[in-house]
Structures are given as structure tokens and as C-alpha cells.
2 protein chains.
Amino acid sequence: MVESNKEIPTIKDVAKQAGVSVATVSRALNGNQRVSAETRKKIQQIAKDMGYHPNLIARSVRMKKTSIIGVVISTVTASFFTEVIDSLTELAEDNDYQLIIARTNENPKNEKKAVEVLTQQMVDGLIIATTGHEIDYTNIVNRFPTVFIDRMPTNVNSSKFDAVVVNNEDGTKKLVSFMIKFGASQIGIINSEVTATQNQRLNGYKKALQVNAIPIDESLIKKSQVDYSDVEGLTSQLLFNLRCDAIVATDNEILQRVLKRTYERNIKDIQIGCFDYSPWMQFIRYPIVVAAQPTVQIGKVAFKLLMQRIKNPDKAQEIRELNTTIKIKTK
Amino acid sequence: MVESNKEIPTIKDVAKQAGVSVATVSRALNGNQRVSAETRKKIQQIAKDMGYHPNLIARSVRMKKTSIIGVVISTVTASFFTEVIDSLTELAEDNDYQLIIARTNENPKNEKKAVEVLTQQMVDGLIIATTGHEIDYTNIVNRFPTVFIDRMPTNVNSSKFDAVVVNNEDGTKKLVSFMIKFGASQIGIINSEVTATQNQRLNGYKKALQVNAIPIDESLIKKSQVDYSDVEGLTSQLLFNLRCDAIVATDNEILQRVLKRTYERNIKDIQIGCFDYSPWMQFIRYPIVVAAQPTVQIGKVAFKLLMQRIKNPDKAQEIRELNTTIKIKTK
DNA sequence: CTGTTAGCGCGTTCAC
DNA sequence: GTGAACGCGCTAACAG
């Protein structure tokens, strides 16, 4: 067993080995300064031989730039967020940034803690999917370049931030209109009421009914518990008591529980509407209309806006609204 | 619009405001030293009023401890990895660590780059799902506490690392045995050959056949392209030319393409075997046997082993092998 | 072209 | 109990 040297060489070690000052090493390795080609070559060789790599943390405190972006999301296990993160990760790699991801599980306390830790880490910027529960982001956005995604903050007395959101209302509106076109007449909806997003989706449902001259029946509108424990029961109500021929599930957690019940009860004919496309949906028994969120695009726009604000913290605020795409599986 | 002060207060600012030295502020805020209760109270109050938070980056260079763990995985979009990451995130939160996640997309070049960047960030430890393509980790594991997950490194001349892997061979062996028990006799398998993991899964398939006295027919063993472009064609071969009544897909990417073809061709009776459970699987038309990997457990064990090695870098090597759990959907 | 000096923000001697 | 001085590893300013 080779007992390798555990010490990590510093710029000082390289300087000593090369018989020059640390400043010269720094310049030689960072390229952009004037150093004789000869000494540069020599220093590069020695650095390589010693396995020297600059300590990015030390550089960060000196440069007041960490090249780290803090990302705050609800959970990594939801496809919407994994896809956004995947998109952000790719952009980060291309631009030499690192991502630190924190999750809230929709709990404002976790969100506060997450933002606090990230700012203490001196991140160069923040990308946040806020729970929106009255957290005051005024000081944060004034000090750190910040882009909100998915949901707008509700309580910020500053315009020094950007945002990229999805037109959820329009999404459900298109969604439900398609379902009606495909023959649905008694359409139930189950949402979860946690976020503003969810309410927007409900509004879209109502608008679609209005546009199609279908009266809004409040008994067809169900809100589930935050832990989704009652979704299956609500599904039964919609199916059997209220004779629905179609159900809209406003997110995938709800959708899976709806399907669990309809499969159990061996329901053959029902139309399903939902948000957030997953490739698994093509194997579901029913016709299904999906409002797919532009996750990759959200990542791209958020990253771009963040880069711009990092470059110019006082630039004008930009709020971008993106649209969903409807995907249809007709049985 | 309130124009808030953009400057982030440092320990120096607090000291000046309180009329004490920075040393006293540091002591007062970090608790553990001897400071008069009076001045401590006062300093804490002032710090709070000023919105002071310690600069963790600066602290890191001083303490030679970043409280950051680097995680290297294949992709964030695969459920196996998201579940492991979710588990790790929870443990990190509980222990005041941050996670920086880098992805390889199974490309050794990306892996090398990722590890390089993370070590330059002076992470306190590494958790790595290596592509296993001959990367020499000797120097890395000698310098940084490292735990490998999912796959063992192939080329390390040191035992200063730990690992937690899954018994893939046993997984497929159990999986296929169940399929046989449920009536399958002509069982095809499609795997992707990229990683050692995949080969182990193939071996388990062969062992299961042996144990059940079914001759191994090499023509039923298919390896797909890395981009999975030929999976659907291979599925057709297994179905129509080779008359399979069961197909094993060694990961979810393959599985989805197999299903795509069987649905297209309106296949009614076929048995499916696969790795990595997803809740969506309960809505698939066919009987299905899944070897579920213990993702949460993998995260827990990996984190624990890492903590132990951080505490004692010279401790004895531990290689943990965990088992899959079989989940069955009988139509 | 290169070395010396200074300082980023912090925690820790070592005096008083 | 408190302050002055030092150093973590690095880059930038100023000399020469």
C-alpha cells in the first residue's frame, strides 16, 4: 500500500519549490498577467507535478465571488423540480458555477433557514421557488441577485429581483377545454390549496367551464388535505355520488391517488386531466390530457435573468410568464 | 421604495458598533468562550439589529472545514438517484452540511471534472457513484474522505475509502425466479452494458435460469445501445421472433421503451421484470415484478460511513452490500 | 517581468 | 474578561 502524502499543496508550496514568490505563481497560473514565458512554463510544470490546485474557497473570500448559486425548491422528488434542476445544472456547468440545492417541503420555516444558510455561504445568486407564505424577501433581494421561479413572492418591498412563472390559469383552461371537446361534461377537480399556483389552476378550470357554457358546480370542486390522505375518498365521491365522467388532478401526487382508486374500482371509462408530464403517463389506461410545464425553459430563463442581474444588480425588473404545452393521449 | 443598505455587515462592523474588539464579538457569538454575560447580551443584540451573519466562506478557510459534501451522480432525473439524494439531503440538513451535486451522465470525463472542481472547493467529503471507467481515485481517497455508492471503483490503490453497493446479481436472481414461478418460461432480457451494475444484473438472470433448470439461450439476451435507440426493435425481436412470454428490463429507461412497443403492438399477455420501483408502475397493464433498491438506506449508510471517516480518516475500510426488495404486481 | 505589502472575514493564540 | 497580533490561501496594488 502506497502511503501517499495527505497534505494538499498550496500556492506557497509551489512558490517555494519554484524559487519564486506566491504572487508570481498566482499570475503564472491565472494566465492573464505579464510573466515571462519561461517562468510560466516552469511554474505550470511544477504545479502539475505537485498536484496543485487552487483553493477555491480562499479565492472566494478574496474575490468576493463564490461561483455558487443557491437553489431553493420544494422537493427533489417531484418531476417538475428535478427537470428544472437538471436544466439549471447543465447551464451551471457550462458557466463554471456550482449549485447548492436546499429543499423546503413547502414549509416556510425550512425556506427561511435555507435562504439564511445559503446567504451565509455568500452565494453569488439565488433561485427560489418560494412557499409564498409571507416571508419578507426585501433585504434578501436587495443584497443578493435573486430570481423567483414557479411562484411570485407575496411580500417584497423592492423590485430588485426577477421572476419566471408559468401561466397556470391558462394551462388548466386549455386543459379543461380539451376535455370538454373530447366529450367530458361532468368534470370534477381535486387540488391541494397549499400554494397560489394551485388556486390559479382552479381558476383556469372555472374559466374553461364558463367559456364552454357549463355551469360551475361547487360540489365538483374538491380540496385535499396537505398530506393527500383523503384524495382517494374524494375520488370516490366524484365518481359515484357525483357521476363525473372526467377528473382533473392538479398535480402528480393527486393524480396517482386518483388513479389508484379508479384502478381499484375497475373504472373503465373516465377522462383524466393533469399538470406536469411524465413519460409513465403513456401507459395509463385512460385518455389523458396533460398541461406540461416548460421545465427546461424555466431553467434557462431563470439562469439567464440571474446572470444579467449579477452583472447589473440595478437593472430593471423582469417578470417572465411562460405557457404550458398541452399533451394528449387519446386512449 | 425603500433603498436598503446593500452592504453586508462583517464582524468588524459589529465590533465597531459595540465598541469592542472583533475577538470579543467572535467569542460572544460562538458561545463557547468566556465573555461576560453582559457584553455577550449586548453584542448579540447589536448583531441581530445589524442583520449580521458570519461569513461561512471566510470561516471555512480559517477552520479548514467547509461543511460541504460533494455528491457525484449519473443524473438527477433517474428516480434511483433522486431518492438517494433526497435521503442525503435530509441527513445533511440534520447535521448542518450542505450538498453540492454534480452529474456525470455516465461520462468519465465529466466525472473527472466534477471531482476536480469539488475537491478544489475543499469539500469535507465526497459521495460518488462512479462510472467505473478506469479513473484512478488513489490520490482522491487519500486526501478526501470518500464513500462510493452504487458501484465500486475499479482502479484504486488505497483502502482509505468506504462503499455501499447493492447486490444486483441477487436482485435479478430473485426477480427472475419469481417470474418463473408465475409461469414465465421464455424470458428475454434487455440491458445496457454501460456499467458493471448492468453486468451483475445479467449474471443474476443467468443464475436464476440455472437454478430453475432452464437452459440459457444467448439469443434472448440483448444489449441496447447507450442511447437506447434500439430497445424498441429488440423488444419486437423478443416478442415476435423469439416468442418470449416475459421480458426483463434492467433499468427504467429500457423499461419505458419496452412498454412503448408492447402497448403499440397491443400485446395483452406478457410478464415484465425490472429494477427500481416507481409508483407509476401500479398503472401498467401487465403483471410486473420489481427489484426495488433501498435508496433511502443507501443514503443513510453512505452518510454515516462518511461521517465516521471524516472523524477518523485512517479507520478500517467498510464495504456494505445491501439487498433489493422484490415488489410484485399480479396484473 | 517580479517581489513586497496589504487585506478579504474570520477564529485563535498570548498577552494584559 | 478583553484586545492586539497572527494566519488560513489567495489576489491586487505598488514598487522596482
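Protein chains get the first letters and strands the later ones, always in sequence-line order, with residue 1 at the start of each. Heavy atoms only: backbone and side chains are in, while hydrogens, waters and symmetry mates are out.
A:Gln120 has its CD atom 15 Å from the P atom of C:dG9, to the nearest Å. Distance, B:His53 NE2 to C:dC10 P: 12 Å, rounded to whole Å. Rounded to an integer number of Å, the gap from CD of B:Glu38 to P of D:dG1 is 12 Å. As a whole-Å value, the separation of A:Leu56 CG from C:dC8 C1' is 15 Å. For the pair A:Lys42 NZ and C:dC1 P, the interatomic distance rounds to 16 Å; values are reported in whole Å. One can place NZ of B:Lys12 at 8 Å from C1' of C:dG7, the figure rounded to the nearest angstrom. At whole-Å resolution of the value, CE in B:Met50 and P in C:dG9 are 13 Å apart.
Annotation for A:Val296 and A:Ser87: closest pair O-OG, 3.0 Å, computed over non-hydrogen atoms.
In the region residues 57-67 of chain B, proximity to DNA chain D at under 4.0 angstrom, judged on heavy atoms, holds for B:Val61, B:Arg62, B:Lys64.
B:Ile73 contributes atom CD1, which lies 3.5 Å from atom CD1 of B:Ile85 (distance to the nearest 0.5 angstrom). Here the OG1-CD1 distance, from A:Thr66 to A:Ile100, works out to 8.0 Å after rounding to the nearest 0.5 Å. Distance check, rounded to the nearest 0.5 Å: CG of A:Leu56 to CG of B:Leu118 gives 10.5 Å. Remark: A:Asp162 CG to A:Ile149 CD1 distance equals 13.0 Å, nearest 0.5 Å.
Among the nucleotides D:dG9, C:dC10, D:dG1, the one closest to the side chain of A:Ile11 is D:dG9. If you check D:dG3, D:dC10, C:dT2 against the side chain of B:Thr24, the one that comes closest is D:dG3. When distances run from any side-chain atom of A:Thr39 to the nucleotides C:dT2, D:dC10, C:dG11, the shortest one goes to C:dT2.
Between the side chain of B:Asn107 and the main chain of B:Lys109, a donor-acceptor pair closer than 3.5 Å is present. No donor-acceptor pair under 3.5 Å is formed between the side chain of A:Gln98 and the backbone N or O of A:Ile68.
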Only pairs under 3.5 Å count here: list side-chain donor-acceptor contacts from residues 17-25 of chain B, not counting sequence neighbours, and write none if there are none.
| unit_1 | atom_1 | unit_2 | atom_2 | d |
| --- | --- | --- | --- | --- |
| B:Ser21 | OG | B:Ala23 | N | 3.4 |
| B:Ser21 | OG | B:Thr24 | N | 3.4 |
| B:Ser21 | OG | B:Thr24 | OG1 | 3.2 |

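Across all strands shown, B:Val20 has heavy atoms under 4.0 Å from sugar-phosphate atoms exclusively, and none from any base.
Legend: residues meeting side chain to side chain donor-acceptor pair (under 3.5 Å) with B:Thr131, ordered by chain and number and at least two apart, are B:Glu111. Partners of B:Tyr97 by ring-ring contact (aromatic ring centres under 6.0 Å, His included), not counting sequence neighbours: none found.
Between B:Tyr52 and C:dG9 there is no side-chain N or O to OP1 or OP2 distance below 4.0 Å. Look at B:Thr10 and you won't find any side-chain N or O under 4.0 angstrom from OP1 or OP2 of C:dG9. When the side-chain nitrogen and oxygen atoms of B:Asn55 are compared with OP1 and OP2 of C:dC8, none of them lie within a distance under 4.0 Å.
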Quick test: give all pairs of protein nitrogen or oxygen and nucleotides 13-15 of chain D nitrogen or oxygen below 3.5 Å, distance rounded to 0.1 Å.
| unit_1 | atom_1 | unit_2 | atom_2 | d |
| --- | --- | --- | --- | --- |
| D:dA13 | N6 | A:Arg27 | NH1 | 3.2 |

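The only option from A:Asp314, A:Asn142, A:Thr138, A:Thr146 that meets the side chain to side chain donor-acceptor pair (under 3.5 Å) definition with A:Lys160 turns out to be A:Asp314.
For A:Glu93 and B:Arg103, the salt-bridge test passes: some basic side-chain N is under 4.0 Å from an acidic carboxylate O.
Computed from C1' positions of five pairs at each end, the angle between the two local axes of the helix from C:dC1-D:dG16 to C:dC16-D:dG1 equals 50°, rounded to 10 degrees.
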